[in-house]
> 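Before we start, here is the structure in question, set down as structure tokens.
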Amino acid sequence: MHRTEFLDRFMADVGAGLQSSPKHLSPEYFYDAVGSHLFEAICQLPWYPLTRAERALLERHGEEMVAPFGAGASIVELGCGSGEKLALLAAPLCKRIPRLGVHLVDVSETALDLSRRTLSRLPRVEASAHRARYEEGLALATARRSPGPGGGGAVLVLFLGSNIGNLDPEAAAAFLRALRASLRPGDGLLLGADLVKPAADLVLAYDDPLGVTAAFNKNLLARINRELGGTFDLRSFDHRAAWNAQRARIEMHLVSRKRQAVRVGALGLDVAFEEGESIWTESSYKYEPDGVVRMGERAGFRCFRQWIEPSGQFSTTLLLAEDRAAAR
Ligand code: AVI
């Protein structure tokens, strides 16, 4: 994706989001250089167990997770973060096969750089980076799938870190269907999904006492100031995280502390805020383990196996693309 293409979309989304009611901004735009580093810091926080729980599962079961894949296989990671988790899966696979193609897909240049650096430690890994949205990156990666002998040439897609949780249910279902459509029978999807837990723990994970998540959330406004000539006063907005039990999601907002007007220079737009009015910046859905399996099955996958972290915090599910004729 070219810089101008990205900027056009950023401008269009910010313009539409700030003029709608209720106001909203897409979490996709959290991840500039500052936001990516703040997210890495969140992952280290004691109140955000998600990353550690998933990592423990990959450390313990990584070999089983890649067991169905052999020579010619390649791994595509959608939303690659730092590449540490991908390395935990690539390492056992590399022991069995002469060469592993890895495709990193992310909209964040910082995340791609971090991942490339992490993977350079592994021998026999050939990494390609795609600065792209998920669907586009997956299309680029699968177009380069290697033919491989026998059962080889399979693609294992990683969608980890509960990134699926940042999509509304309809968007998640459509995303999984699109993903299935670009895969072949025998290809896999390793899906990380955070599980429902007590409300107090969830709120603490998204409103940490150090204020790192608040900084991550407010950086979205700082980014609009930096890149689109915005005049947001960051001190005039509060970070808020609330658990919506009915919808099984954490909702993150930026709440205006007062009645105020903000200009977004690049859009020639003036936006009025009432005191207490919020911008909805992210939803983070939480799942029950069987809900993850059903979501995969509805999209044309079958569950090969699911691993649950011992304290019930997190799930990792290996879904295999079904042969549609056989599935009927
Ligand atoms: C990337 N994503 C899965 C994170 C989440 O938990 O929803 C983003 C995040 N937002 C606040 N803290 C972390």
Side-chain angles (χ1 to χ4, degrees), residues 24-55 57-58 77-86 104-108 110-112 114-115 133-134 158-169 171-172 175-176 190-199 201-223 237-244 247-255 278-287 292 295 309 313-317:
H24 60 86
L25 290 169
S26 167
E28 183 188 335
Y29 299 112
F30 280 139
Y31 304 93
D32 65 350
V34 177
S36 296
H37 286 294
L38 284 170
F39 180 61
E40 287 304 312
I42 288 174
C43 295
Q44 306 288 329
L45 294 177
W47 308 282
Y48 189 80
L50 197 152
T51 314
R52 271 183 305 283
E54 183 173 55
R55 196 188 161 91
L57 281 176
L58 301 188
E77 182 164 26
L78 304 178
C80 60
S82 67
E84 294 288 345
K85 289 182 262 183
L86 171 52
L104 308 164
V105 179
D106 209 296
V107 288
S108 161
T110 311
L112 292 171
L114 283 170
S115 296
R133 300 178 89 187
Y134 298 143
L158 310 182
F159 199 44
L160 302 175
S162 209
N163 283 337
I164 189 84
N166 296 135
L167 301 174
D168 285 332
F175 173 73
L176 291 180
L190 194 64
L191 186 62
D194 199 18
L195 300 178
V196 173
K197 42 186 92 54
D201 295 348
L202 285 165
V203 171
L204 200 56
Y206 289 84
D207 192 3
D208 65 88
L210 273 178
V212 183
T213 312
F216 173 72
N217 199 9
K218 286 187 184 187
N219 179 56
L220 196 44
L221 303 184
R223 185 176 192 184
F237 287 86
D238 287 327
H239 165 72
R240 189 176 70 205
W243 171 241
N244 181 334
R247 299 281 178 95
R249 70 187 182 203
I250 282 279
E251 297 169 357
M252 259 184 15
H253 292 263
L254 289 162
V255 185
S278 87
I279 312 174
W280 191 340
T281 52
E282 186 182 67
S283 295
S284 194
Y285 286 82
K286 307 299 163 188
Y287 301 89
V292 179
M295 183 164 62
E309 192 265 344
Q313 298 271 5
F314 198 87
S315 67
T316 306
T317 310

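Treat the numbers as computed from the prediction; the structure is a model and nothing was measured. The analysis underlying the following values was restricted to heavy atoms, covering all of them including side chains, and did not include hydrogens, waters or symmetry mates. As the structure lists them, so they are numbered: ligands from 1, and atoms in each ligand from 1.
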> To the closest 0.5 Å, what do you measure between OH (Tyr287) and OG1 (Thr317)?
11.0 Å
> Atom OG of Ser283 and atom NE2 of His253: how far apart are they, to the nearest 0.5 Å?
7.5 Å
> Indicate, as side chain, backbone, both or neither, the part of Asn166 found under 4.0 angstrom from ligand 1 when only non-hydrogen atoms are considered.
side chain
> Which atom names give the shortest non-hydrogen contact between Arg133 and Val105, and what distance separates them?
O-CG1, 3.8 Å
> In Å, rounded to the nearest 0.5 Å, how long is the span from CD of Glu84 to OG1 of Thr51?
11.5 Å
> How long is the span from the CG atom in Leu221 to the CG atom in Leu254, to the nearest 0.5 Å?
5.0 Å
> Quick check: does Lys286 get an N/O under 3.5 Å from an N/O on ligand 1?
no
> What are the atoms of ligand 1, with element, lying closer than 4.0 Å to any heavy atom of Gly161?
3 (C)
> Which protein non-hydrogen atom lies closest to atom 9 (C) of ligand 1, naming both residue and atom, and how far is it?
Glu282 OE1, 3.6 Å
> Considering non-hydrogen atoms of the protein only, which is the closest contact for atom 4 (C) of ligand 1, and what is the distance?
Tyr48 OH, 3.4 Å
> List the closest protein heavy-atom neighbour of atom 7 (O) of ligand 1: residue, atom name, distance to the nearest 0.1 Å.
Ser284 OG, 2.7 Å
> Check each atom of ligand 1 against the heavy atoms of Tyr31 and keep those under 4.0 Å away; list them by number with element.
1 (C), 8 (C)
> Between Phe216 and Tyr31, is the gap from one ring center to the other below 6.0 Å?
yes
> If I apply the N/O under 3.5 Å rule, does Ser162 come out as touching ligand 1?
no
> Between the side chains of Lys85 and Glu77, is the shortest nitrogen-to-carboxylate-oxygen separation below 4.0 Å, so that they form an ion pair?
no
> For ligand 1, is there an N or O atom under 3.5 Å from any N or O atom of Tyr206?
yes
> Would you mind running through ligand 1 and noting each atom that sits below 4.0 Å from a heavy atom of Met252?
11 (C)
> Is it the side chain (CB and beyond), the backbone, both or neither of Tyr285 that lies under 4.0 Å from ligand 1, heavy atoms counted?
neither
> At under 4.0 Å between heavy atoms, which part of Phe39 makes contact with ligand 1: side chain, backbone, both or neither?
side chain
> Would you call the rings of Phe175 and Phe159 parallel, tilted or perpendicular, taking 30° and 60° as the class edges?
tilted
